[in-house]
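Here, residue 1 is the first one in the sequence, and each next residue gets the next number.
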Amino acid sequence: MAEEKRDYYEVLGVSKSASQDEIKRAYRKLAKRYHPDMNPGDKEAEAHFKEVGEAYEVLSDEEKKARYDQFGFAGVDPNYGAGTGGGAGFDGFGDMGDIFSTIFGGGGGFGGFGGQPRPNAPQQGSDLRVQVDLTFEEAAFGCDKEVEITPVQTCDACGGSGCAPGTSPETCPTCHGQGVVNVQRRTAFGVMSSTQPCNQCGGTGKIIHTPCQSCKGKGMVRKRKKITVKIPAGIDDGQAISRRGQGNAGRNGGPAGDLLIHVNVQPHAFFERDGADVLYSAPVSFVDATLGASIEIPTIDGNVRYDLPAGTQTGTTFRLRGKGIPRLQRTGRGDQYVTVTVQVPTNLTSAQKDALRAFDDAMQGKSSGKAKKKKLF
């Protein structure tokens, strides 16, 4: 029985009318939540991560998305449903794929039906994804980060041929180097013709008699290497940087995939971020709030002085212009918003308590709100 798959829109938690930006934001949020580095050893999270990646791969591609919207999983996976409903293929009718193949032109397929693309045709390599952790300041001002990746690359020993040095592959005598063969099947509609990968060469169009020892005849090897990535100023948590052509190598002369660096910004001890603005809560003593004072405010650029007006109430917010985050790929910076929190003194001595009572008497109840209480009651 085929594995039950969830609807891709349900996986990402978006509607069918969602824009590409909404799909991308949903993917980034879920990919971060279920990333293996954030959930070490959690098989369920790993399965969710793969499911989210599969859904995004389809819905982020306009052509695949259109096929999925029209035909469901069968529109993007010609093997979907194989082994179910009395035969495989399309809604349980075993040879419907061959019918589509005949009507719409041999091995090219129709929206993913009726045969695969030629196995030995150029294929683009898959994207490679890594995560980089940044401090609050590194994300704000940008930095250079060294990341370690293990992309699939062309084997240096054989140059991608898969053959041992000094040898060459033989053209497959069955498919004559095409990688596919024509097959005919007798159905209720008559004899139908379709194409399928060649069994003798595995769809490669060539037969390797002496495999390369480095890559075991595959022509590809996975290599570990370190690269330096330039992190732009103003990048935010959950965003990603793309390095075109630095993903896994393509096959049969196809281009390489991209490297996607997903950013994880660590929380700051006392700063919070709202877009390009920085939020900060400033503790102020009762005396400074009452009498006014020149107080020191930390910013991401360093400490600055601010003249606090006399009589400042707790919860008052003031703005430090241009002390926020540099705007990503734009000029200018955000602001820093400082919210005052008046600190109430605790553990007072008897003399301090007497001084406060004397102060309250001198204020004739105005300092503690007694006048308002009299009106209320």
Side-chain angles (χ1 to χ4, degrees), residues 31 35-37 40 46 49-50 53-54 56-58 60-61 64 77 79 107 116-134 143-181 195-232 240-264:
H35 197 283
D37 291 344
E46 182 179 349
F49 183 75
K50 292 179 180 178
E54 179 183 335
Y56 181 68
E57 182 180 0
V58 172
S60 62
D61 186 304
K64 291 181 181 178
D77 182 2
N79 296 319
Q116 308 258 1
R118 293 183 181 275
N120 61 352
Q123 300 175 26
Q124 182 174 5
S126 59
D127 293 338
L128 191 63
R129 292 176 171 84
V130 296
Q131 178 176 295
V132 60
D133 295 325
L134 304 177
C143 62
D144 290 336
K145 278 286 183 178
E146 186 177 69
V147 297
E148 189 175 87
I149 59 176
T150 54
V152 174
Q153 296 181 317
T154 301
C155 176
D156 292 332
C158 66
S161 69
C163 299
T167 67
S168 58
E170 174 193 354
T171 300
C172 177
T174 301
C175 66
H176 305 291
Q178 296 301 309
V180 293
V181 293
T195 59
Q196 67 180 33
C198 175
N199 290 328
Q200 184 169 356
C201 64
T204 63
K206 59 186 179 181
I207 298 175
I208 298 174
H209 296 288
T210 310
C212 171
Q213 293 299 309
S214 298
C215 64
K216 310 303 180 186
K218 296 182 178 180
M220 298 285 183
V221 293
R222 192 175 289 276
K223 292 183 178 180
R224 186 182 301 274
K225 65 178 183 178
K226 293 182 178 180
I227 63 171
T228 300
V229 178
K230 188 171 185 63
I231 306 296
I241 304 166
S242 176
R243 297 282 292 268
R244 189 170 296 278
Q246 294 197 19
N248 293 318
R251 290 187 174 275
N252 306 320
D258 298 335
L259 172 62
L260 302 177
I261 303 102
H262 294 269
V263 170
N264 177 46

Closest heavy-atom contact between Cys175 and Gly179? SG-N, 3.2 Å
With sequence neighbours left out, write down each residue that passes side-chain contact (heavy atoms from CB on, under 4.5 Å) with Arg244, or none if nothing qualifies. Asp258
Taking the side chain from Asn248 and the backbone from Val152, do they hold a donor-acceptor pair closer than 3.5 Å? yes
Check whether more than 12 heavy atoms from other residues, nucleotides or ligands sit under 6.0 Å from atom CD of Gln213, and answer yes or no. no
Please report the shortest heavy-atom distance between Gly245 and Ala256, naming the atom on each side. O-CB, 3.6 Å
Min side-chain heavy-atom separation His209-Thr167 under 4.5 Å: no
Using every non-hydrogen atom in the two residues, find where Cys201 and Lys206 come nearest and quote the distance to one decimal. CB-O, 3.5 Å
Would you indicate whether Lys218, at its atom NZ, is surrounded by more than 12 heavy atoms from other residues, nucleotides or ligands within a distance under 6.0 Å? no
All heavy atoms of Gly177 vs all of Thr171, minimum pair found to be N-CG2, 3.6 Å
Could you walk me through whether Arg243 and Ile261 pass the side-chain contact (heavy atoms from CB on, under 4.5 Å) check? CA-CA 8 Å; Arg243 297 282 292 268; Ile261 303 102; 3.7 Å; yes
Before giving the answer on side-chain contact (heavy atoms from CB on, under 4.5 Å), spell out for Lys223 and Asp156 the whole-Å C-alpha distance, their side-chain angles and the decisive distance to 0.1 Å. CA-CA 11 Å; Lys223 292 183 178 180; Asp156 292 332; 2.3 Å; yes
Which pair of heavy atoms, one from Ile241 and one from Pro232, lies closest together, and at what distance? CD1-CD, 3.7 Å
How long is the gap from SG on Cys172 to CD1 on Ile208, to the nearest 0.5 Å? 12.0 Å
Can you tell me how far the CD atom of Glu148 sits from the NZ atom of Lys226, to the nearest 0.5 Å? 5.5 Å
Is the shortest distance from a Lys or Arg side-chain nitrogen in Glu54 or Lys50 to a carboxylate oxygen in the other one below 4.0 Å? no
Of the non-hydrogen atoms in Gly247 and Pro151, which two are nearest, and what is the gap between them? O-CB, 3.9 Å
How many angstroms lie between atom CD of Glu170 and atom SG of Cys163, to the nearest 0.5 angstrom? 10.5 Å
Are the side chains of Ser242 and Asp127 in touch, meaning some heavy atoms are under 4.5 Å apart? no
Given Gln153, which of Arg222, Met220, Lys225 fulfils the side-chain contact (heavy atoms from CB on, under 4.5 Å) condition? Lys225
Quick one, Val229 and Val130 - any side-chain contact, counting heavy atoms below 4.5 Å? no
Residues that Lys145 engages under side-chain contact (heavy atoms from CB on, under 4.5 Å), provided they are two or more places apart: Val132, Leu134, Glu138, Cys143, Ile231
Not counting sequence neighbours, which residues clear ring pair (Phe, Tyr, Trp, His ring centres under 6.0 Å) with His35? List them please. Phe49
